[in-house]
*Asks:* 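The structure that follows is given in the form of structure tokens.
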Amino acid sequence: MTPPTSAPAWAATAACRGLDPTIFYPATEEEAEDAKAVCEQCPVQEPCLEHAIEYREHNGVWGGATEKERQRIIRRRRRQRSLARAAAS
């Protein structure tokens, strides 16, 4: 899916708005705590996370989740859908 060309509406109220974006692109998973602390207080954490999952953002902390954590969420959702389809059959 192609990312939108402009910022989503929810971004206007994001807690990260106006902050130095480099904290959201840590070099390691362990260095993501500062970004996650901002996300914990954010009123749009969920739509931010869903945006990152939908558009397969590969870098940075989005909605309080690192790339590895988002990959785990995606895999878990796939398993749940697969189990639900199997149960419905």
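Bear in mind the structure is a predicted one, so any value in this text is a computation, not a measurement.
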*Asks:* Without placing hydrogens or testing angles, list every side-chain donor-acceptor pair under 3.5 Å for residues 32-40, not counting sequence neighbours.
*Replies:*
unit_1: Lys36; atom_1: NZ; unit_2: Glu69; atom_2: OE1; d: 3.1
unit_1: Lys36; atom_1: NZ; unit_2: Glu69; atom_2: OE2; d: 2.6

*Asks:* Taking all atoms of both residues into account, what is the closest heavy-atom pair of Cys42 and Ala14, and its distance?
*Replies:* SG-CA, 3.8 Å
*Asks:* Side chains of Glu57 and His51: closer than 4.5 Å at any heavy-atom pair?
*Replies:*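 The answer is yes; the side chains approach within 4.5 Å.
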*Asks:* Can you name the nearest heavy-atom pair linking Gln45 to Gly63, along with the distance?
*Replies:*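 Smallest interatomic distance, heavy atoms only, reads NE2-O, 3.1 Å.
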*Asks:* Applying the side chain to side chain contact (heavy atoms under 4.5 Å, CB included) test to Val61, which of Cys48, Cys16, Pro26 qualifies?
*Replies:* Pro26
*Asks:* Is the side chain of Trp62 donor-acceptor paired with the backbone N or O of Asn59 at a distance under 3.5 Å, no angle test?
*Replies:* yes
*Asks:* Crowded around Glu46 CD? As in, over 12 foreign heavy atoms under 6.0 Å?
*Replies:*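 Atom CD in Glu46 is not crowded, with 12 or fewer foreign heavy atoms closer than 6.0 Å.
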*Asks:* Under 4.5 Å side-chain heavy-atom separation, chaining through any Ile, Leu, Val, Met, Phe, Trp or Tyr, what else clusters with Ile73? Say none if it is isolated.
*Replies:* Leu49, Ile53, Ile74
*Asks:* Would a distance-only check, ignoring hydrogens and angles, find a side-chain to backbone donor-acceptor pair under 3.5 Å from Arg70 to Ala52?
*Replies:*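 No: the side chain of Arg70 does not pair with the backbone of Ala52.
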*Asks:* Got a sec, which pairs hit salt bridge (charged side-chain N to carboxylate O under 4.0 Å, His left out) with one end in residues 76-89, sequence neighbours left out?
*Replies:* Glu50-Arg77
